[in-house]
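Notes to accompany the following structure.
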Amino acid sequence: MKSGCDRQDWPIGVGRRVLAEVDSTNAEAARIAPDLTGPEWILALTQTAARGRRGRPWTNPPGNFAATLVMRPTESPDQVALRSFVGSLAVFDAVVAATGRADGVALKWPNDVLLNGGKLAGILLESAGSSAGLSYFAIGVGVNLAQAPSPDQVEPQALRPVSLLSETGASVTPEAFLDLLAPAYARYEDQFRTYGFAPIRRAWLDRAAKLGQAITARTARESIKGTFETVDASGNLVLTTAKSRHAIPAAEVFF
Ligand SMILES: O=C(O)CCCC[C@@H]1SC[C@@H]2NC(=O)N[C@@H]21
């Protein structure tokens with residue numbers, strides 16, 4: 001296992017602030033965005049109103065990781081949306097660096113990180129602005145380092161929440177995890193800016209859970225059960241059924 005802080009690996013030009021308590025690091029990102037001079041990681045040891053995807057609350061017990069990277073984008077909102085893949089790859093690498101092993105770690109579309117089949121981490125991508133240009137975007141990352149919420153705190157069909165500590169025995173502080181995550185994110189961000197989505201997509205698919213297997217995607221309109229074929233060049237989930245092929249931009253996925 002890599003031992004915690006390798007601060008010499010911290011990416012150049014990226015800020016870091018650590019808060020004892022905040023409502024939500026994503027909310028804090030929105031507040032500081034107008035004054036940003038460069039990308040900034042905001043780490044909170046406690047969140048009092050953490051939010052998850054689809055307007056759900058996010059349970060954030062002590063010792064778990066809660067941080068947001070906030071940046072000013074230079075590209076279109078479509079490109080910004082692909083950062084959820086960049087973020088989940090970085091979380092994957094940070095988990096592997098923290099534990100020294102990749103087996104059992106997988107990615108679930110669009111951006112959950114799984115460990116031994118349970119949900120270890122989630123990402124909430126938020127932004128403000130218009131299709132003409134975003135003023136900022138924020139990648140909020142929650143990782144159950146020390147404690148998993150109890151299954152009754154998540155949706156009935158959701159994957160069981162797991163923690164890094166209970167699944168691997170690795171005890172990692174939020175600060176040490178950030179020191180692994182920030183350089184991992186910076187490496188994938190560089191790759192994305194230099195080569196576009198193609199290598200990110202390939203790396204993501206290499207780590208995907210249930211690729212080629214039956215899954216269910218629940219969109220706002222319908223529930224589709226099919227084979228998880230791939231993720232396309234726009235980040236859509238591609239499902240094939242006996243009758244057709246669906247490219248799905250937004251859905252809840254169930255295994
Ligand atoms: O629903 C999900 O899977 C996404 C959860 C994202 C939680 C993180 S914790 C840090 C950041 N601040 C928030 O309020 N939410 C995200």
Side-chain angles (χ1 to χ4, degrees), residues 16-33 39-71 80-81 83-92 94-95 105-115 117-128 136-164 172-175 177-178 180-182 184-185 204 209 217-218 235 237 250-255:
R16 177 191 205 264
R17 50 182 93 178
V18 179
L19 307 174
E21 184 177 299
V22 74
D23 50 357
S24 149
T25 53
N26 274 34
E28 180 69 5
R31 289 189 287 266
I32 70 165
E40 182 101 15
W41 276 100
I42 305 160
L43 174 74
L45 303 182
T46 304
Q47 289 186 113
T48 54
R51 47 205 201 211
R53 292 177 66 225
R54 301 179 171 265
R56 295 194 193 104
W58 176 258
T59 308
N60 190 200
N64 281 2
F65 181 80
T68 297
L69 174 64
V70 54
M71 287 196 258
V80 167
R83 290 318 203 294
S84 69
F85 296 93
V86 178
S88 54
L89 280 170
V91 175
F92 183 105
V95 168
V105 192
L107 300 177
K108 174 173 177 270
W109 189 90
N111 52 30
D112 287 345
V113 180
L114 310 185
L115 179 58
K119 176 162 170 170
L120 175 70
I123 289 181
L124 178 64
L125 186 70
E126 294 183 318
S127 60
Y136 82 92
F137 72 97
I139 305 170
V141 179
V143 185
N144 302 328
L145 291 179
Q147 293 182 60
S150 65
D152 60 354
Q153 288 175 291
V154 300
E155 286 225 310
Q157 289 166 290
L159 290 178
R160 94 194 143 95
V162 295
S163 78
L164 195 72
V172 183
T173 64
E175 292 91 338
F177 192 80
L178 181 59
L180 300 173
L181 179 61
Y185 184 88
W204 194 95
R218 193 163 73 202
L237 172 73
E252 196 79 50
V253 168
F254 299 97
F255 293 164

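For ligands, and for the atoms within them, numbers begin at 1 and follow the listed sequence.
In this structure, Arg54 has no heavy atom closer than 4.0 Å to ligand 1. For the pair Arg56 and ligand 1, no heavy-atom separation below 4.0 Å is found.
Between Arg17 and Glu40 there is a salt bridge, with a side-chain nitrogen of the basic residue lying less than 4.0 Å from a carboxylate oxygen of the acidic one. Using a cutoff of 4.0 Å between basic side-chain nitrogens and carboxylate oxygens, Arg51 and Asp23 are not scored as salt-bridged.
With hydrogens left out, the protein atom closest to atom 15 (N) of ligand 1 is Arg51 O, 2.7 Å, a heavy atom.
Not one N or O on the side chain of Lys119 forms a donor-acceptor pair closer than 3.5 Å with the backbone of Val162. Asn64 places a side-chain N or O within donor-acceptor distance of the main-chain N or O of Leu145, the cut-off being under 3.5 Å.
The distance from ligand 1 to the heavy atoms of Asp112 drops below 4.0 Å at these ligand atoms: 3 (O). Here is the list of ligand 1 atoms found below 4.0 Å of a heavy atom in Ile123: 4 (C). Of all atoms in ligand 1, numbered sequentially from 1 with element shown, those under 4.0 Å from a heavy atom of Ala67 are 10 (C). Heavy-atom proximity to Gln47, at under 4.0 Å, picks out these atoms of ligand 1: 9 (S), 10 (C), 11 (C), 12 (N), 13 (C), 14 (O). Listed by atom number, the atoms of ligand 1 under 4.0 Å from Thr25 heavy atoms are 10 (C), 11 (C), 12 (N). Within ligand 1, counting atoms from 1 as listed, the ones closer than 4.0 Å to a heavy atom of Lys119 are 2 (C), 3 (O). Taking a cut-off of under 4.0 Å to the non-hydrogen atoms of Arg53, the atoms of ligand 1 that pass are 1 (O), 2 (C), 4 (C). Annotation for ligand 1: atoms under 4.0 Å from non-hydrogen atoms of Thr68 are 11 (C).
For the pair Ile123/Ile139, a side-chain contact is recorded, criterion being any heavy-atom separation below 4.5 Å from C-beta on. At a threshold of 4.5 Å between non-hydrogen side-chain atoms, the residues Val141 and Phe65 count as touching. Taking the side chain as every heavy atom from C-beta outward, Leu19 and Leu43 never approach each other to under 4.5 Å.
In terms of polar-atom proximity, defined here as any N/O pair under 3.5 Å, Trp58 makes no such contact with ligand 1.
When each of Arg218, Arg160, Arg54 is tested with Glu155 by the rule salt bridge (Lys or Arg N to Asp or Glu O under 4.0 Å), just one qualifies, namely Arg218.
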